[in-house]
Amino acid sequence: MISVAMITMNEEKAVGSVIADIRTALEGREHEIVIVDSSRDSTPEIAEGLGARVIRQFPPQGYGHAMARVLRECRGDVTVTLDCDGTYPAAEIPRLADMVLSGDCDLVNASRLEKRPATMPFPNYLANWLFAVAGHILVGVKSTDLHSGMRAYSRLLIERVKVDPHGPALPVDLLLKPALMGFRIKEVFIPYGERIGETTLHRWTSTLWTFRRIFRLAFTHPASH
Ligand SMILES: Nc1nc2c(ncn2[C@@H]2O[C@H](COP(=O)(O)OP(=O)(O)OP(=O)(O)O)[C@@H](O)[C@H]2O)c(=O)[nH]1
Ligand SMILES: [Mg+2]
């Protein structure tokens, strides 16, 4: 079974079309859609009405706690994550899931950064590029996008990898830790769309936490080259 995991905070404008796109992509395949929701708007009702399993986490505890929870709740052999904002292509879910299900790898990172997406503000692009370079130099992990919200994780990987859910930038740990533990990781490029609704990204705290997570891992597992 394929699990699709999302976390949501006030995504009522996007949730309907995102779930519809997921259903279309996975038509004919056994799947579940699991959402940890911290919204004040009608996101959870819309999602439930469309057959998603919605777990409420309110008041909001931040991206990390929501993501850690939703990954634990998923029952599939593979779990594919994406933001609930229309930026990631749901049509790519089967391709990512199949790379894990076939035993090809344990994690697929869907990178947005083959080149600068027109939909990504230049400062964000620059920051993401810097994070990737830092991850390579300091931790020894080669990736073009440490912050992608679209990944496929095997069930075994989710069970084994323990991450720190406090603070922003959890995707950084969710990629670097499995790499350091020896899990097989592949990266594919995907297009990145225009966001529906308001961003929850706090640029400066996220940047600070990204470096905090990278340095923490660099000290416990220094780059081996
Ligand atoms: N449950 C829950 N979901 C959250 C929380 N913070 C963010 N989210 C959701 O996490 C996903 C990622 O957040 P975004 O606002 O898209 O952040 P981003 O992708 O870094 O920024 P954009 O490029 O503007 O999309 C979205 O689906 C949000 O609704 C939270 O505290 N709790
Ligand atoms: Mg987003």
Side-chain angles (χ1 to χ4, degrees), residues 3-22 33-48 50 52-74 79-90 92-93 109-113 116-132 144-151 163-175 190-211 213:
S3 296
V4 179
M6 294 192 290
I7 62 172
T8 52
M9 194 159 77
N10 306 326
E11 301 288 5
E12 68 181 4
K13 289 198 187 111
V15 65
S17 66
V18 174
I19 291 179
D21 289 349
I22 294 168
I33 300 175
V34 186
I35 293 179
V36 167
D37 175 80
S38 312
S39 302
R40 287 181 186 280
D41 68 7
S42 58
T43 305
E45 290 81 23
I46 297 170
E48 240 158 20
L50 294 169
R53 177 150 63 91
V54 178
I55 299 139
R56 284 280 285 167
Q57 192 175 67
F58 201 85
Q61 294 176 25
Y63 183 103
H65 286 283
M67 183 53 76
R69 176 80 196 274
V70 78
L71 291 177
R72 277 203 309 276
E73 291 285 343
C74 288
T79 294
V80 180
T81 61
L82 69 164
D83 287 3
C84 191
D85 59 7
T87 51
Y88 291 96
E92 296 279 358
I93 292 171
N109 185 40
S111 169
R112 302 161 293 176
L113 299 171
R116 186 193 152 205
T119 46
M120 186 181 288
F122 189 71
N124 297 29
Y125 174 71
L126 204 67
N128 279 313
W129 180 84
L130 198 69
F131 300 155
T144 55
D145 191 0
L146 302 187
H147 266 289
S148 177
M150 189 171 197
R151 309 238 173 95
V163 290
D164 176 9
H166 305 290
L170 187 71
V172 174
D173 272 12
L174 280 170
L175 183 69
I190 50 147
Y192 191 59
E194 195 73 59
R195 199 190 200 294
I196 306 168
E198 294 303 308
T199 187
T200 68
L201 177 66
H202 301 286
R203 265 193 205 150
W204 293 113
T205 41
S206 178
T207 299
L208 216 65
W209 272 85
T210 298
F211 280 109
R213 290 182 188 278

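Order of appearance sets the numbers: ligands from 1, and atoms from 1 within every ligand.
The protein atom (non-hydrogen) at minimum distance from atom 20 (O) of ligand 1 is Leu201 CD1, 3.7 Å. Here the protein heavy atom with the shortest distance to atom 32 (N) of ligand 1 is Ser38 OG, 3.1 Å. Nearest protein neighbour of atom 19 (O) of ligand 1, counting heavy atoms only, is Asp83 OD2, 2.7 Å.
Considering backbone and side-chain atoms together, Glu198 places no N or O closer than 3.5 Å to any N or O of ligand 1. Backbone and side-chain nitrogen or oxygen atoms of Asp85 are examined, and one is located within less than 3.5 angstrom of a nitrogen or oxygen of ligand 1. For ligand 1, the polar-atom distance check finds an N/O of Thr8 within less than 3.5 Å of one of the ligand's N/O atoms. The shortest N/O to N/O separation between Ala66 and ligand 1 does not fall below 3.5 Å. Ligand 1 has no N or O atom lying under 3.5 Å from any N or O atom of Gln57, backbone or side chain. Taking any N or O of Thr87, backbone or side chain, none lies under 3.5 Å from an N or O belonging to ligand 1.
Within the 4.0 Å heavy-atom cutoff, Gly149 does not count among the residues contacting ligand 1.
Rounded to the nearest 0.5 Å, atoms CE (Met67) and CD1 (Ile7) are 4.5 Å apart. In this structure, the separation between CG on Leu170 and CG on Leu71 is 8.0 Å, given to the nearest 0.5 Å. Interatomic distance, Asp164 CG to Trp209 CH2, rounded to the nearest 0.5 Å: 6.0 Å.
Residues Arg203 and Asn124 bring a donor and an acceptor atom of their side chains to less than 3.5 Å of each other. There is no side-chain donor-acceptor pair under 3.5 Å between Thr8 and Thr43. Side chains of Glu12 and Ser42: a donor on one and an acceptor on the other come within 3.5 Å.
A side-chain hydrogen bond (donor to acceptor under 3.5 Å, both in side chains) with Arg151 is found for exactly one of Thr81, Thr79, Asn109, namely Asn109. With respect to Lys13, the side-chain contact (heavy atoms from CB on, under 4.5 Å) criterion is satisfied by exactly one of Ile196, Asp41, Asp85: Ile196.
For ligand 1, the atoms closer than 4.0 angstrom to any heavy atom of Cys84 are 27 (O). Counting the atoms of ligand 1 from 1 in the order shown, those under 4.0 Å from a heavy atom of Val36 are 1 (N). Near Tyr192, the atoms of ligand 1 lying under 4.0 angstrom from a non-hydrogen atom of the residue are 22 (P), 23 (O), 25 (O). Taking every non-hydrogen atom of Tyr63 and a distance limit under 4.0 Å, the qualifying atoms of ligand 1 come out as 10 (O), 12 (C), 30 (C), 31 (O).
When heavy-atom distances to ligand 1 are checked against a 4.0 Å cut-off, Phe58 has no atom that comes that close, whether in backbone or side chain. Under 4.0 angstrom from ligand 1, the non-hydrogen atoms of Glu11 all belong to its side chain.
Between OD2 of Asp83 and OD2 of Asp85, the angle at the Mg ion (ligand 2) works out to 110°, rounded to 10 degrees.
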Worksheet item: Run the salt bridge (Lys or Arg N to Asp or Glu O under 4.0 Å) check on Arg195 and Glu11 step by step: do they pass?
Response: CA-CA 11 Å; Arg195 199 190 200 294; Glu11 301 288 5; 2.9 Å; yes
